[in-house]
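Single-structure report; data block below.
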Amino acid sequence: MSELQEKLKQLETACTHPRQQLDAYLKAGKKVIGCFPEFTPEELVHASGIIPMGLWGGNITPSLAKSYLPPFACPLMQSNMEFGLKGTYKGLSAAIIPTLCDTLRCMTQDWRFGVTSIPMIPIVYPQNRTAPAAVDYLVDEFETVLTIIATVTGEMMTEQALCDTIQIYNEHNAIMREFAKTANNHLDIITPKVRHYVMKSSYFFEKAEHTAIVKEIIDELNQLPAYQYTGKRILLTGVTCEPDEVLDLFKENEMAVVYDDLMQESQQFRTDTPLHGGGGIKRLALQWMDRYGCSLLHEDGKPRGAMLIKMCKENQVDGVINCMMKFCDPEEYDQPYLEKDLQGAGIPVTDLSIDQQKDSIEQLRTRIEAFREML
Ligand code: SF4
């Protein structure tokens, strides 16, 4: 196996076997804190000397979770609750839950009572991000999170550690953005599934470690001649595009993912923490104020559609797939606006119902094939 294939396989394995990755860190004497979707401030965990690990559910049929969550809770939280109740996350020192939607707000209480072996740390982000008090409020929230994390480590994170972490995270953001660009010259190797694994795997590695692996992948790709892709170029938007088999359907239909606006993928890399503007905690709070184009942010005028149109033009996109997480209210509110904007700009768009627990993807197959014919 070539070095490039070995690195790609390593990232794939982390995504398909995250428990293995957790065990490896625990065996190495590290503490690990679980980070719920979406936008948990991993930096606070990392700067405290703990490995932040993403909790992105998985393909499991909920049974125990049904006692805590209504059937119309999103599949992502159904599976996280089920894994928590079944003990799959055993070994985590805590789990941080950002209360960015109604389901996440319920999850904080469900987790507190259902998964008593893993302490839960809630974080409430300000939604009125233009109010002057929003930054002060968020600094206060971050300090509360840090105080609870300190009960795990026994010591308080230092300012220097946070500054170093911010640098590591900004470098990681930059390398992931570079990967997204480089990948488009090698769409024969970086298929939709491979691209997804590279993006998602960042949740399962210490960030500097992940940066080093992705850098090597980019270097290897850059040594290869650019591939002239003749299929259709698509952009994904939404929370996630899983189960992974959906990505195979794109490949089967000669469609390549050339850009994404998924919360699980590029959204995590697009907003750096500012280098100036105060101490580390304040700058992290400013990063939240700088975020844009996401259904979980309050933004006047619904600018996500215009942002997607710009992304489509910059990446010669043939069509957009809106990955609609089942029962996700925030995404459902955005859907009519962004699809109308895209259609108004003459960009074909369709939506796919995303459910990690789906046994059959045949309906999605039909939908993807029909969309391919439109492009
Ligand atoms: S934002 Fe949507 S996908 Fe995420 S936790 Fe809330 S309902 Fe689930």
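Every number for a ligand or one of its atoms is a count from 1 in the order of the listing.
Of all protein N/O/S atoms, those under 2.8 Å from atom 6 (Fe) of ligand 1 are Cys101 SG, and waters are not counted.
Contact check on Glu362 versus Arg367 returns no salt bridge, with no Lys/Arg side-chain nitrogen under 4.0 Å from an Asp/Glu carboxylate oxygen. Comment: Asp261 engages Arg304 in a salt bridge, judged by a side-chain N to carboxylate O separation of less than 4.0 angstrom.
With respect to Met53, the side-chain contact (heavy atoms from CB on, under 4.5 Å) criterion is satisfied by exactly one of Tyr203, Tyr89, Tyr25: Tyr25. Between Ser202 and the options Gln268, His210, His172, a side-chain hydrogen bond (donor to acceptor under 3.5 Å, both in side chains) holds for only Gln268.
Under the 6.0 Å distance and 45° angle rule, Arg129 does not count as a cation-pi partner of Tyr292.
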Item to complete: May I have the step-by-step check of ring-ring contact (aromatic ring centres under 6.0 Å, His included) for Trp56 and Phe36, ending in yes or no?
Response: CA-CA 7 Å; Trp56 281 91; Phe36 266 67; 9.8 Å; no

